[in-house]
Every structure is written in C-alpha cells, then in structure tokens.
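In the text below, chain A, chain B and the rest are named by the order of the sequence lines, each starting its count at 1.
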Amino acid sequence: EAGVAQSPRYKIIEKRQSVAFWCNPISGHATLYWYQQILGQGPKLLIQFQNNGVVDDSQLPKDRFSAERLKGVDSTLKIQPAKLEDSAVYLCASSLGAGSQQETQYFGPGTRLLVL
Amino acid sequence: GENVEQHPSTLSVQEGDSAVIKCTYSDSASNYFPWYKQELGKGPQLIIDIRSNVGEKKDQRIAVTLNKTAKHFSLHITETQPEDSAVYFCAASIAGGSYIPTFGRGTSLIVHP
C-alpha cells in the first residue's frame with residue numbers, strides 16, 4: 001500500500017513570509033496528525049483530525065498556524081507569517097483511527113522548513 | 001499532561017553488542033507505548049509497541065519491557081548491526097478515544113562495524 005505523501009520536501013523562506021505544506025494520508029485512514037520536529041527533539045503534535053473534524057489543536061500557535069482537512073482526506077498546514085523559530089521538519093502521520101488497536105501511526109517523510 | 005524522559009541521548013556500540021534505551025513517563029493512565037526508528041531524512045517508523053496489559057514483547061532482535069509500577073519502559077536491541085544506526089524515539093499515550101502521543105527527545109544509536 002502507498003505510504004503517507006508530503007510535499008514539498010524542502011522549503012526555504014524569509015521571515016514574515018507565508019508557507020503551506022500538503023499531506024495525503026494512507027487511503028482509508030480516518031485520523032491525520034501534523035507534528036513539528038525541531039532539530040534534536042522528538043515530534044510535537046500540532047493538530048489531530050478525525051475525518052474532517054479537529055480532535056485536538058491545543059498546541060497549534062493559532063495566531064500564525066492554520067490547518068484544514070477538507071473532505072476528510074488530504075490536509076494542508078499553513079504558516080503566516082513565519083518566524084525564525086518555525087524552522088523545523090513538519091511531519092504528517094495517519095492512522096486507521098484513534099481507538100484501541102487502530103492507533104498505529106504511519107509517518108510521511110516530512111517537509112524540512114528553513115526560515116531565514 | 002504527559003511527560004516522557006528518554007536516556008541516553010547518544011549511544012555508541014560495536015557491531016554485535018546489545019543496546020538498551022530507557023524511557024520514563026509521568027501519567028499513570030498511559031497504556032500504549034510505541035517505539036519509532038527515524039533514519040536521516042525520513043519520517044519515524046514504528047518498530048515495536050507494547051500495551052499496559054503486557055510486561056514484555058519481542059520481535060526478532062528487538063524487545064520492549066514495561067514496568068507499570070515504576071512507570072518506565074525500555075527498548076532492547078540484540079546483535080546490533082550497522083543498519084540499526086538511527087535515532088530512536090519512545091512515546092507514551094492513552095489508547096482509545098483521542099490518541100495523543102507524547103514523544104521522548106530521542107536516542108541517537110551509532111553501531112560501529
């Protein structure tokens with residue numbers, strides 16, 4: 001089966017610019033996650049979708065970050081305006097669901113963002 | 001919220017040796033503990049997981065142990081090979097309902113040929 005697809009793989013922008021990342025989860029996976037992984041740290045959850053509804057976005061900096069999952073499939077994560085501290089790898093993951101025995105996450109390759 | 005501590009941050013071993021990575025968690029309600037391997041330029045990949053109703057789980061050269069009383073769990077890799085070199089992450093979560101894992105900071109494992 002095809003894995004989680006993400007694009008672009010790399011992005012370099014200047015601070016205060018905007019950027020958008022795209023994720024296509026594994027077919028049939030209801031739950032989609034966006035993580036931020038700063039160099040040398042573990043992934044930190046930004047937002048979790050169940051189908052096209054938001055389950056948790058408590059750690060999403062909502063003044064500059066936004067995400068949507070239209071039609072419960074693909075998702076986009078946007079940053080506007082970007083700050084230097086947003087430089088990180090943005091990982092998308094999907095799972096069958098969030099219930100027991102369904103929570104195994106499959107990660108995409110990530111988008112590496114550098115803000116100058 | 002949950003807090004996961006992972007040690008060591010770097011582990012260097014000779015090929016054929018064993019490697020052990022340890023994690024502790026703070027929320028006694030956590031019941032699902034996956035381990036991920038992340039190679040350079042790739043996303044994390046699940047290598048093994050354990051649930052709170054099990055004390056140990058093995059898969060070929062990889063094993064995970066869980067001590068619920070002490071709230072710690074460990075990854076054991078035997079007969080290490082150079083291709084085991086990667087960053088390993090532990091995570092803790094409450095499975096069922098809204099599954100929101102908390103990750104450790106990672107261990108960089110280097111296996112010298």
How close do [X] and [Y] get, heavy atom to heavy atom, and via which atoms?
{"X": "A:Y35", "Y": "B:P101", "value": "OH-CG, 3.1 Å"}
{"X": "A:R112", "Y": "B:G41", "value": "NH2-CA, 4.3 Å"}
{"X": "B:F89", "Y": "A:Q37", "value": "CZ-NE2, 3.2 Å"}

How about [X]: does its [atom1] atom have over 12 heavy atoms from other parts shown lying under 6.0 Å from it?
{"X": "B:E79", "atom1": "CD", "value": "no"}
{"X": "A:L39", "atom1": "CG", "value": "no"}
{"X": "A:K62", "atom1": "NZ", "value": "yes"}

Task: Which portion of A:Q6 sits near chain B, non-hydrogen atoms under 4.5 angstrom - done: neither

TODO: Go through B:G43, B:G104, B:S108, B:S9 and name the one with the most non-hydrogen pairs under 4.5 angstrom from chain A.
DONE: B:G43

Task: From A:D56 atom CG to B:I100 atom CD1, the distance as rounded to the nearest 0.5 Å - done: 3.5 Å

TODO: Report the distance from atom NZ of B:K42 to atom CZ of A:F107, rounding to the nearest 0.5 Å.
DONE: 15.5 Å

Task: Residue B:Q38 versus chain A: region with a heavy atom under 4.5 Å - done: side chain

Task: chain A contact via B:P44 - side chain, backbone, both or neither, heavy atoms under 4.5 Å - done: both

